[in-house]
Protein chains: 2
Amino acid sequence: MAGATLRDVAKRANVSIRTVSNVVNGYAPVSDELRARVQAALDELDYRPNLIARNLKQGRTGMIALVVPELDVPYFAELAREVITAARAHGYVVMIDQTDGDGERERELLGRDSRATMFDGLLLSPLTVSAEELRARGNRVPIVLLGEHIFNGSFHHVAMDNVAAARDATAHLLGLGRRRVAAIGDQPYATGETAQLRTAGYRQALARAGLEADERLIVSTPHFHRRLGAEAMESLLALPEPPDAVFCYNDLLALGAMRALTRAGRRIPDDVAVVGIDDIEEGQYSTPSLTTVAPDKGEIARRAVNTLLEAINGTAAAPAEITVPHRLIVRESTAGEDAPA
Amino acid sequence: MAGATLRDVAKRANVSIRTVSNVVNGYAPVSDELRARVQAALDELDYRPNLIARNLKQGRTGMIALVVPELDVPYFAELAREVITAARAHGYVVMIDQTDGDGERERELLGRDSRATMFDGLLLSPLTVSAEELRARGNRVPIVLLGEHIFNGSFHHVAMDNVAAARDATAHLLGLGRRRVAAIGDQPYATGETAQLRTAGYRQALARAGLEADERLIVSTPHFHRRLGAEAMESLLALPEPPDAVFCYNDLLALGAMRALTRAGRRIPDDVAVVGIDDIEEGQYSTPSLTTVAPDKGEIARRAVNTLLEAINGTAAAPAEITVPHRLIVRESTAGEDAPA
DNA sequence: TGAGGGCTCTGCAACGATGCAGACATCATG
DNA sequence: CATGATGTCTGCATCGTTGCAGAGCCCTCA
């Protein structure tokens, strides 16, 4: 049997549809006697409101979508959890989708038949979509961008200061006395803005220490997965003058790099110190535990959700770059036994 | 400006609403000339179909929900990715929600005002909801259960054979000649059915090897996170006769246990061999890499999605227990240097 | 020539809910 | 007793779309 509708309940309780609706929503005053009768009918028929109909009438769904490249990348999974929590605090639920880092799928989202219209707003962590494409899509559904790319003010955008984060990570390694600091994760092409910002930070730290960057120590990777971190590390170890420290553009690369180092018999941090970015939980339990730059994920999620809801309600300020704080967390991969437990 | 509707487009193109709808959906034959005129109007107004209205009319949304305890538990994140992929193959999208392992939130899902009615079906990985509660909720939205609990035939249920998986893992350790094999992750109370199945498998393996279980070697943990694995391992190491192997009920526990072992200066696997369950990617890159029992996540996702879609379409067979295959993957945490790369 | 059949195109009703305006009964007040 | 205020309850229109039945029109063929 399909679900009972307001009409069914109304017929059974011998009242108008409207009155049943009032009872369900606690709106207009309803006499106790009628209320009881309607309630009985509601229970007997096990009425559940049809949210789709309600949404159509009200013009909103109470759902926002979070679109990330890959859900099984721990950073995104952890961020997703924070977003769900932040949205729930406002009575919103979050639908999560992944693009597989596939530009095709990202653009699908913006296309005519996109399911995006099912949502009151969109949180998008783009990999390849450009600002122009986003602008061209019109202003159907409010959007807040997360963490990637540079959109110079056309959109709400929440991220940490990537240059500063990379600079802090690199400076930490230099502060340990390391002089051949490698970098893993550059992406010197159009869609690699985040990576390029981190490379810039890396170079800044070297410059401030009066060092010149050795281009052979900067390894590019098309994405940020463990395997590529391991491969990059292997290639660095094969250099005539291998590095004594490595700054990885995220924790997964760093974990892969550490795996390669251990396999090659190098000691961490004695031979090579390692630092990442993201502060995923895995890094606390790796051997050795991983020094990292932690963006404040909770803050990212809250600011993003709040901004999106403001945009939905039309109370949003002009699009702005929102920068959330980050901090360096020192663990064994740079401090060795001295690391705080 | 709010989105243009079919009516707006119809007015502009000077045709009926119905014809615009036909053009949009490619339904009835429309003359080339009219089609072009309508298409032009569609483009000019940048028409996007209102999916909510369409869904209301059609009685389906093309969305299913996946509800898991915690999204940032790698197993669930990896499973979610598979589910998204499987659903997409059928034109469905997946909305993901997490319950935080909170019975309250799980039950909310079944309550009167649940958003569950927004979805054509539900994939639920329950932690505390009982079969009775599920039955009591009526048959509003088709449900397929994943991995947890025992529902003896009242619901579609997809899982691996937990007893066999645990038996295989334990037998592997025994096959290495270990004799004091510990178990981390038992949950000897009502909502711990999965854990209890694994304990049963553990005991079976010991029995088949002619060994008696040492109850002190079975450590309970209220949930399956890294930290508890580490704590459990520490307590095991404090025993007068510590174990020479440990079977952890999932990979996170195992990774935590390995962390504790390394910190305590024990060698893996020489002093203590470790095996987990789940085959999360992290275990391939840990030091040492983690031996594990891998459920076929892709198969779980595909079977679950297919079954759910059959239920949605009314073509489903009677509720059934669907068992997916698993296999032991041997890595360094039990095989040491001999492990396959 | 006119009956029949295809092809286009259209209007109406409906999905299930809510906003609005107003009907009706009751009651207090002058 | 008339008036208006108050408190309940109802019917109608509507959200944007699609299903259905049918209206024209043109063509074919007997």
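The base of dG16(C) has none of its N or O atoms less than 3.5 Å from a complementary donor or acceptor on the side chain of Arg48(A).
Taking 4.5 Å as the limit, every side-chain heavy atom of Val38(B) sits out of range of all side-chain heavy atoms of Val30(B). At a threshold of 4.5 Å between non-hydrogen side-chain atoms, the residues Thr191(B) and Leu127(B) do not count as touching. Side-chain contact check for Met118(B) versus Asn55(B): every heavy-atom pair is 4.5 Å or farther apart. Contact annotation: the side chain of Ser154(A) never approaches that of Pro319(A) to less than 4.5 Å [non-hydrogen atoms, C-beta and beyond].
Side-chain N or O atoms of Asp120(B) include one that pairs as donor or acceptor with a backbone N or O of Thr61(B) at under 3.5 Å.
Taking only side-chain nitrogens and oxygens, Ser31(B) never comes nearer than 4.0 Å to OP1 or OP2 of dC7(C). Listed pair Thr5(A) / dG16(C) fails the phosphate criterion, with no side-chain N or O lying under 4.0 Å from OP1 or OP2. Within the 4.0 Å cut-off from OP1 or OP2 of dC15(D), at least one side-chain nitrogen or oxygen of Arg7(B) is found. Side-chain N/O atoms of Thr19(B) include one lying less than 4.0 angstrom from OP1 or OP2 on dT10(C). Taking 4.0 angstrom as the limit, Arg54(A) places a side-chain polar atom (N or O) nearer than this to OP1 or OP2 of dT18(C).
Sequence order on DNA chain C of the closest nucleotides to Arg18(B) and Ser21(A) puts Arg18(B) first from the 5' end. Ranked by how close their nearest DNA chain C nucleotide is to the 5' end, Leu56(B) and Asn14(B) are led by Asn14(B).
Here CD of Glu299(A) is found 9.5 Å from CD1 of Ile322(A). Values are rounded to the nearest 0.5 Å.
Counting any heavy atom pair closer than 4.0 Å across all strands shown, Leu34(B) reaches sugar-phosphate atoms only and no base atom. Residue Asn55(A) is classed as having no contact, given no heavy-atom separation below 4.0 Å to the nucleic acid.
As rounded to whole Å, 12 Å separates atom P of dG19(D) from atom CG of Leu6(B). If you take CG of Asn22(B) and C1' of dC7(C), they are 13 Å apart, rounded to a whole angstrom. The CZ-P distance, from Arg37(A) to dT8(D), rounds to 15 Å in whole Å. Whole-Å rounding puts the Lys11(A) NZ to dG11(D) P distance at 13 Å. The distance between atom CE of Met118(A) and atom P of dG16(D), rounded to the nearest whole Å, is 16 Å. In this structure, Asn50(A) atom CG and dA17(C) atom P are separated by 5 Å, rounded to whole Å. Residue Ile17(B) contributes atom CD1, which lies 16 Å from atom C1' of dC20(D) at whole-angstrom precision. Computed from coordinates, the Gln58(B) CD to dG16(C) P distance equals 13 Å when rounded to whole Å.
If you check dA14(C), dA17(C), dC9(D) against the side chain of Lys57(B), the one that comes closest is dA14(C).
Residue Tyr47(A) is tested with Val20(A), Leu42(A), Asp8(A) for a side chain to side chain contact (heavy atoms under 4.5 Å, CB included); the sole match is Leu42(A).
Inspection of the Arg54(B) and Asn50(B) side chains reveals no N or O donor paired with an N or O acceptor under 3.5 Å.
Where the helix from dT1(C)-dA30(D) to dG30(C)-dC1(D) starts and where it ends, the local axes point in directions that differ by 60°; five pairs per end, rounded to 10°.
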